[in-house]
Amino acid sequence: MRRVSNDAAALAGAFRARTGQQPAGVWAAPGRVNLIGEHTDYNDGYVMPFALAQRVLIAAAPRHDGSWSVTSLNNHSTEVFRAADLQPGMAGWQAYVAGVVWALQEAGHRLGGADLVLSSDVPTGAGLSSSAALECAVLAALADLNDLDIAGLERAKLARRAENAFVGAPTGLMDQAAATLCTAGHALFFDCRTDDAEQVRFDTASASLEILVLDTKTSHALVDSEYAARRASCEEAARILGVAALRDVTDLDSALERLPDPVIRRRVRHVVTENARVLEAVDVLRAGRIADLAPLLDASHASMRDDFEITVPQVDLAVEVAQACGALGPRMTGGGFGGCIIALVPAGDVERVAAEIARSFVDAGYGAPAHFTAVPSAGAGRLQ
Ligand code: ADP
Ligand code: MG
């Protein structure tokens, strides 16, 4: 994916150059990182993502021939589809766009065609959910163009349906909920069973901290099968324990005694302790004690490394070096087997910590990582 200038005025100009008309508006939806709560979503548990300043922008206007034309400035590609082409399993990046049209129509909304031109500065495939950003931006644009009155949570569910049932990726609701519901300066405490959402103040500047996101640029070839295996272990454990989901395990010790398999015991211990850590993290943030997140984030990483076994050497090295450089609570964020780490870093220290990690990667013979300072930002909406 190409890096492109990502502001609304530039995108509106690109839209005019391509279509010869003004866009009816410009909409945006952000990528996200998860602060804490990993692999808890499909166990009916708790997560706490926040939206990034990095986002997908979409300029759009109605079309009157019943087709949708979508251009991504990132991959320089234009795709056109009509209602008859909306078959689940569609190949290519445009499936994320067509899937949103499909999900809206399936839900009974009437949609006219549209010209869509988009650009994004959300890194793709890094676990920062560029796919949900794309879906939620398309949804915001199409909802407004067609005068559809759809509440935030319902938008997130429609976007998730596009990803699950049309693209075919079995993800939970966290990514689309974050891209839709987050507000600037907050993390989103989200209950994956009840869909209850609470904005929790996450003002790192008040604690003289900044948020480093470092992309290790690694991804494991077996990530899909490993993810499926973790889900299957959790489902099996819930079945043995006679609960609807691991969220319902209230007494960890007695649950562990009832599980014969040591691997499944470790998986359960991760999910149950991780849910508890999210709840503690919410309390810590509600009290404005941001630095006190550190032991929870540390324990989360150790649990992913030792119990859920979803980290890789590059990720563990990045976390160790960040810790040695004085970062608080460095941990892997996202589904695992590569991707990004997140760390709370004393203000002004982000570049130094990132440079130390990059140096350690050179020494270890790993490829160069990438990084940025994350700013908790707003969810999807209209910009102009
Ligand atoms: P992640 O969501 O973690 O970034 P995914 O594999 O779920 O990774 O989604 C990445 C895919 O989303 C890309 O391979 C591409 O198909 C699509 N995508 C995301 N952003 C864009 C974009 N700006 N232009 C075209 N396709 C995009
Ligand atoms: Mg994705």
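For this chain, numbers begin at 1 and follow the sequence in order. Indexing begins at 1, ligand by ligand and atom by atom, following the structure's order.
The environment of CG in Asp149 is sparse: at most 12 heavy-atom neighbours from other residues, nucleotides or ligands sit within 6.0 Å.
The minimum heavy-atom distance between Leu139 and Ala159, with the atom names listed, is CD1-N, 3.9 Å. Of all the heavy atoms in Leu116 and Ala60, the pair that sits closest is CD2-CB, 3.5 Å.
The residue among Ser130, Gly31, Gly339 with a heavy atom at the shortest distance from atom 1 (P) of ligand 1 is Ser130.
Residue contact annotation: Ser131 places an N/O/S atom under 2.8 Å from the Mg ion (ligand 2).
Looking at Asp175 against ligand 1, nothing comes within 4.0 Å, counting heavy atoms. Residue-level proximity to ligand 1 for Asn75 is carried by the side chain, the only part with a heavy atom below 4.0 angstrom.
Ligand 1 has a nitrogen or oxygen under 3.5 angstrom from a nitrogen or oxygen of Ser131. For Leu134, no nitrogen or oxygen atom sits less than 3.5 Å from a nitrogen or oxygen atom of ligand 1, counting backbone and side chain alike.
Of the charged side-chain nitrogens involved, none lies within less than 4.0 Å of a carboxylate oxygen, so that Arg305 and Glu320 do not count as a salt-bridged pair. The pair Asp306-Arg269 fails the salt-bridge criterion, with no side-chain N (NZ, NE, NH1 or NH2) lying under 4.0 Å from an Asp/Glu carboxylate O.
Classified by interplanar angle (parallel below 30°, tilted 30° to 60°, perpendicular above 60°), the ring pair Tyr227/Tyr42 is perpendicular.
Note on ligand 1: Thr124 sits in its first shell, one or more heavy atoms being nearer than 4.0 Å.
Each of the following atoms of ligand 1 lies closer than 4.0 Å to a heavy atom of Ser72: 22 (C), 23 (N), 24 (N), 25 (C).
Atom 14 (O) of ligand 1 lies below 4.0 Å from none of the non-hydrogen atoms of the protein.
Distance alone, capped at 3.5 Å, places no donor-acceptor pair between the His301 side chain and the Ile341 backbone.
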